[in-house]
Amino acid sequence: MSRREGSLEDPQADSSVSLLPHLEAKIRQTHSFARLLTKYAEQLLQEYVQHQGDPFGLPGFSPPRLPVAGLSAPAPGHAGLPAPERLRLDAAALTALPPLLEVVRRHQAELNPRAPRLLRRLEDAARQARALGAAVEAVLAALGTETRGPRPEPAAAAAAAAATGAGVFPAKVLGLRVCGLYREWVSRTEGDLGQLVPSGPA
């Protein structure tokens, strides 16, 4: 991707115009945070699978991709959107994730009360998703761009909570889906911010 394509500047503006130093620092800091959370999100997903029993984790097992109210995976055309729009979508997804992760944590506390590390990872993930979403919104604010992404509705978490009452297996699948979406959106945010990090040493 060229510097013009990866820049947060107006596409019609001179691509030689550099970002302000404080904005560069904010983008670098947020990108570093997203990169760290990408690693944590992968660890969470692995930890989750380890505690669900068979058939989770078995070779060839492909769980149904249950829809999650209020949240979906990044769209195939996400990478082709303008940078501010990608960041708006990232921030909206990250804001929607904490209540869903909390629903999963509560259900896992019932199923796996002796898995404190998993429960702690889920609790940390909710807090970290909220913090990363706020950091992305701060980048948008520094750009003078409004965060117009959809705000999470209480009904989304309520729908997820209701799904956990449909049975143990569907609830486990829903938890797997939420953990997977957390990994996808954190990774996508890392990628979107990485395209905006100015060249040179961090």
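Worth saying up front: this structure is predicted, and the values here are computed from it rather than measured.
- Annotation: the span from Ser32 atom OG to Ile27 atom CD1 amounts to 11.5 Å, rounded to 0.5 Å.
- With rounding to the nearest 0.5 angstrom, the CD atom of Gln50 is 10.0 Å from the CG atom of Leu45.
- For Phe169, the ring-ring contact (aromatic ring centres under 6.0 Å, His included) partners two or more places apart in sequence, or in a different chain, are Phe56.
- Separating the NZ atom in Lys26 from the CG atom in Leu140 is a distance of 11.0 Å, to the nearest 0.5 Å.
- Closest heavy-atom contact between Ala126 and Pro98: O-CG, 3.5 Å.
- Between the OG1 atom in Thr189 and the CG atom in Leu87 there is a gap of 8.0 Å [rounded to 0.5 Å].
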| field | Test side-chain contact (heavy atoms from CB on, under 4.5 Å) applied to Val104 and Tyr48, step by step | value | CA-CA 10 Å; Val104 175; Tyr48 183 88; 3.9 Å; yes
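- Using a 4.5 Å cut-off on side-chain heavy atoms (C-beta onward), Ser187 and Leu37 make no contact.
- Closest approach of Leu23 to Ala142, counting heavy atoms only: CD1-CB, 3.8 Å.
- Nearest heavy-atom pair across His107 and Lys172 is CE1-N, 4.4 Å.
- A side-chain N or O of Asp192 and one of His78 form a donor-acceptor pair less than 3.5 Å apart.
- Scanning both residues, Pro63 and Leu176, for their nearest heavy atoms gives CG-CD2, 3.4 Å.
- A salt bridge is defined here as a Lys NZ or Arg NE, NH1 or NH2 lying under 4.0 Å from an Asp or Glu carboxylate O, and Glu123 with Arg120 fails to meet this definition.
- A salt bridge is absent between Glu184 and Arg188; no separation between the charged side-chain nitrogens and carboxylate oxygens falls under 4.0 Å.
- Contact record, Ala91 with Val136: CB-CG1, 3.9 Å, taken as the closest heavy-atom pair.
- Within the model, atoms CD of Gln128 and CG of Leu44 stand 9.5 Å from one another, a figure rounded to the nearest 0.5 Å.
- In summary, Glu47 and Arg121 engage in a salt bridge, as defined by a charged side-chain N under 4.0 Å from a carboxylate O.
- The two residues Leu193 and Ala34 have their closest heavy-atom pair at CD1-CB, 4.3 Å.
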| task | With side-chain contact (heavy atoms from CB on, under 4.5 Å) as the test, would you mind laying out the steps for Glu137 and Arg88 before giving the verdict? | result | CA-CA 8 Å; Glu137 289 184 349; Arg88 287 192 199 100; over 6 Å; no
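- With sequence neighbours excluded, the residues forming a side-chain contact (heavy atoms from CB on, under 4.5 Å) with Asn112 are His51, Gln52, Gln108, Ala115, listed by chain and number.
- Here the side chain of Trp185 pairs a donor or acceptor atom with the backbone of Ser72 at under 3.5 angstrom.
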| task | Please test Leu94 against Val186 for side-chain contact (heavy atoms from CB on, under 4.5 Å), starting from the C-alpha separation and ending with a verdict. | result | CA-CA 8 Å; Leu94 291 165; Val186 170; 4.1 Å; yes
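- Going from atom CZ of Arg177 over to atom CG of Leu100 covers 11.5 Å, rounded to the nearest 0.5 Å.
- Side-chain atoms of Arg105 never come within 3.5 Å of backbone atoms of Leu119 as a donor-acceptor pair (strictly under, hydrogens ignored).
- Residues Leu89 and Pro74 fail the side-chain proximity criterion, which asks for heavy atoms closer than 4.5 Å.
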